[in-house]
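Atoms within a ligand are numbered from 1 in the order they appear, just like the ligands themselves. This chain uses plain numbering: 1 for the first residue, then up along the sequence.
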Amino acid sequence: MSVDELDPQTGLFLEGEWVPATGGSQLTTVDPATTEPITPVAAAGEADVDRAVSAARSAFPEWRDLAPDERGRIVHRIGQTIRAHVDELAEIESRDQGKPLAQAHSDMTSAARYFEYYAGAADKLEGKSVPVGPEQIDYTVREPYGVSAQIIPWNFPGNLFARGVAPALVAGNSVVVKPAEQTPLSSLRLAELCAEAGVPDGVVNVVPGFGEPAGAALTGHPHVDTITFTGSVATGRAIMRRAAEHVTPVTLELGGKNPAIVYPDADIDEAADWISLAIFTNAGQVCSAADRVLVHESVHDDLVERIVRRAAAYEIGPGHEDLDMGPLVSEAQFETVRRYVELGREEGATVATGGSPIDRPGYFFEPTVFTDVDPEHRIAREEIFGPVLTVSRFADTREAVRVANDTDYGLVAGAFTSDVTRAHRLARELEAGTVYVNKWFGDTNQTPFGGYKQSGIGREKGLEALDSYLQTKNVAVNLSEDGGGDLPGA
Ligand code: NAI
Ligand code: MG
């Protein structure tokens, strides 16, 4: 497909209009399958971010005060509008990000689903009444924060736009989205579809741009009321530090180094299927990927053999060819993966399959499996964010759980076993926000998702995500006929 056929929007989306960045600043988004530019896109600076936050602030009261059922209907229409454009959105995403078309299609169907799912909650955001005795009526209301800033990464750009924007809107917030500089196109198109569905001007604004200055300006802005970020731990920390200046709440989803524990009583062939899917989908650029296998020594060779056979059969090519795996998103990510694979060799791990870039244009890297990995190796401890699996052996459960939990991350973990008791014990003992049993990627739009430890703060998805977009107000009304006299905290 040519760029002309794609015809992507490339400006800032402010108050329902396309405008250039101040001074005409632009960035160029690239097709990672060819390394060729797709199109220049506006690159927001501080003044642009300021304009976007002002637009969102002005639009907020009216959106907040809209009848909840009407707000719900508009948000539901966003879902339907996305469904009507799902093929086009998938093509844009696949081209800009690199993932196979079927995966992009799934991301965008799920994006529609976020809007549909949260739409139904718009008129059910109830407070409660608190029984404090006959002299006072006391009740709570749940109110939106105001302007929600959303910083989106490049691995699931359109899907994560929806994951954050849908609950923010339903709760009555307005939003300013800063997509990643590598993948701005789906967010721009989604903003346009939000407007088409009836979202008032200024309620959804998009400022493409780099982490500095756009992301920094947005997350440090005094009139941003809450921040949602998905990305690296380092950037999450930087955002938290900046947010501290104005005591802005943050919801952070910061990736993981997720263990998959495989027991001899598991169906080894099925485990191999799940693990291959879980590490090679989106070329491993998934925060909840199965990064490190911990396998019982008695079934180690069997499992490795099956995963290697699958990996070696992977068909790899540009997103539009819709094969098993596409390129990495950018030269930087390609270099990161290449360096980690070199490091793995230096650390003494064995390359069981893959281990090299693919000799063609684009940021393609072979599905790679390392065996003989010591849990202390850096390749087993640091997030690689590429199609690179590490395999380590264990002898007993206590050791497996200790190694699984011996990390600063805690996003997801998985166990493969047919022993129900063991599965539930592991679910309790694993330090992660999500535990999968005999499957992977079991979280849906409806299930809360987020990290223990340094994998994050707060929860996305499910009804719990609404807590990031609502604050509680308590109202105390005097009913006493004898006048006042309560002391604070009484
Ligand atoms: P990053 O965390 O720096 O980028 C994510 C988003 O944050 C982008 O929109 C970027 O423009 C923005 N950003 C960057 N610096 C910022 C700042 N100072 N203030 C506000 N926003 C800022 O991630 P990067 O450098 O692209 O990738 C590095 C590593 O991060 C990856 O190798 C991977 O390990 C991890 N990562 C994790 C993701 C996840 O899903 N949890 C997604 C993307 C990256
Ligand atoms: Mg791109």
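When the heavy-atom distances from atom 44 (C) of ligand 1 to Y340, F210, F385 are ranked, the shortest goes to F385.
A donor and an acceptor atom, one from each side chain of R113 and Q446, are located under 3.5 Å apart. Side-chain contact of D322 with Q103: a donor-acceptor pair under 3.5 Å is absent, judged by distance alone. At a cut-off of 3.5 Å, with distance as the only test, a side-chain donor of T22 or D48 sits close to an acceptor on the other residue. A donor and an acceptor atom, one from each side chain of D96 and T183, are nowhere located under 3.5 Å apart.
Below 4.0 Å from some heavy atom of C287 lie the following atoms of ligand 1, by number and element: 39 (C), 40 (O), 41 (N). Of all atoms in ligand 1, listed by their number and element, those nearer than 4.0 Å to a heavy atom of K178 are 9 (O), 10 (C), 11 (O). Close contacts between ligand 1 and E212 involve ligand atoms 18 (N) [criterion: under 4.0 Å to a heavy atom]. Atoms of ligand 1 found under 4.0 Å from any heavy atom of A216, numbered from 1 in the order shown, are 19 (N), 20 (C). Using a 4.0 Å cut-off to heavy atoms of F229, the atoms of ligand 1 that qualify are 2 (O), 5 (C), 6 (C), 7 (O). For ligand 1, the atoms lying closer than 4.0 Å to a non-hydrogen atom of L254 are 41 (N). Near G255, meaning under 4.0 Å from any of its heavy atoms, are these atoms of ligand 1: 41 (N). Interface of I152 with ligand 1, defined as ligand atoms under 4.0 Å from a residue heavy atom, comprises 6 (C), 8 (C), 9 (O).
Among protein heavy atoms, atom 21 (N) of ligand 1 sits closest to G215 CA, 3.6 Å. Among all protein heavy atoms, the one lying closest to atom 42 (C) of ligand 1 is P153 CB, 3.4 Å. The shortest contact between atom 24 (P) of ligand 1 and any protein heavy atom is with W154 NE1, 3.8 Å. Residue, atom and distance of the protein heavy atom nearest to atom 34 (O) of ligand 1 are E383 OE1, 2.7 Å. Considering only non-hydrogen protein atoms, atom 10 (C) of ligand 1 sits nearest to E181 OE1, 3.7 Å. At the top of the distance list for atom 40 (O) of ligand 1, counting protein heavy atoms only, stands N155 ND2, 3.1 Å. What sits closest to atom 13 (N) of ligand 1 on the protein, heavy atoms only, is G211 CA, 3.5 Å. The protein heavy-atom contact nearest to atom 30 (O) of ligand 1 is S232 CB, 3.0 Å.
Counting heavy-atom neighbours within 6.0 Å of E46 CD, excluding the residue itself, gives a total of 12 or less. Residue-environment remark: CD (E17) stays at or below the threshold of 12 foreign heavy atoms within 6.0 Å.
For D273 and R310, the salt-bridge test passes: some basic side-chain N is under 4.0 Å from an acidic carboxylate O. A salt bridge links R163 to E253: at least one charged side-chain nitrogen sits closer than 4.0 Å to a carboxylate oxygen. A salt bridge is absent between D408 and R381; no separation between the charged side-chain nitrogens and carboxylate oxygens falls under 4.0 Å.
Contacts between I239 and ligand 1, counted as non-hydrogen atom pairs separated by less than 4.0 Å, involve the side chain only. Proximity of E253 to ligand 1, defined as any heavy-atom pair under 4.0 Å, is shared by backbone and side chain alike.
Taking a 4.0 Å cut-off on heavy atoms, T336 fails to register as neighbouring ligand 1. Ligand 1 lies less than 4.0 angstrom from a heavy atom belonging to R242. Contact annotation: F156 has no heavy atom less than 4.0 Å from any atom of ligand 1.
For the residue pair G284 and A289, the shortest heavy atom distance occurs at O-CB, 4.4 Å. Closest non-hydrogen pair, I82 versus A112, comes out as CG2-CB, 3.8 Å. Across A349 and F370, no two heavy atoms sit closer than the pair CB-CD2, 3.6 Å.
Taking the six-membered ring where the residue is Trp, Y114 and Y118 present parallel rings, their angle staying beneath 30° rather than reaching 60°. Using cut-offs of 30° and 60° on the angle between ring planes, the pair Y363 and F334 is tilted.
When only interatomic distances are considered, the shortest N/O to N/O separation between T235 and ligand 1 falls below 3.5 Å.
At least one N/O/S atom of Q182, from backbone or side chain, sits under 2.8 Å from the Mg ion (ligand 2). Among the atoms of T29, an N, O or S atom is found under 2.8 Å from the Mg ion (ligand 2).
For atom 7 (O) of ligand 1, the protein comes within 4.0 Å by at least one heavy atom.
Remark: K461 is positioned above the aromatic ring of F449, its terminal NZ or CZ atom under 6.0 angstrom from the ring centre and at most 45 degrees off the axis.
Inter-residue side-chain proximity for V295 and F416 is flagged as unmet; no heavy-atom pair is nearer than 4.5 Å.
Around the Mg ion (ligand 2), the angle linking V30 (O) with D96 (OD1) is 110°, rounded to 10 degrees.
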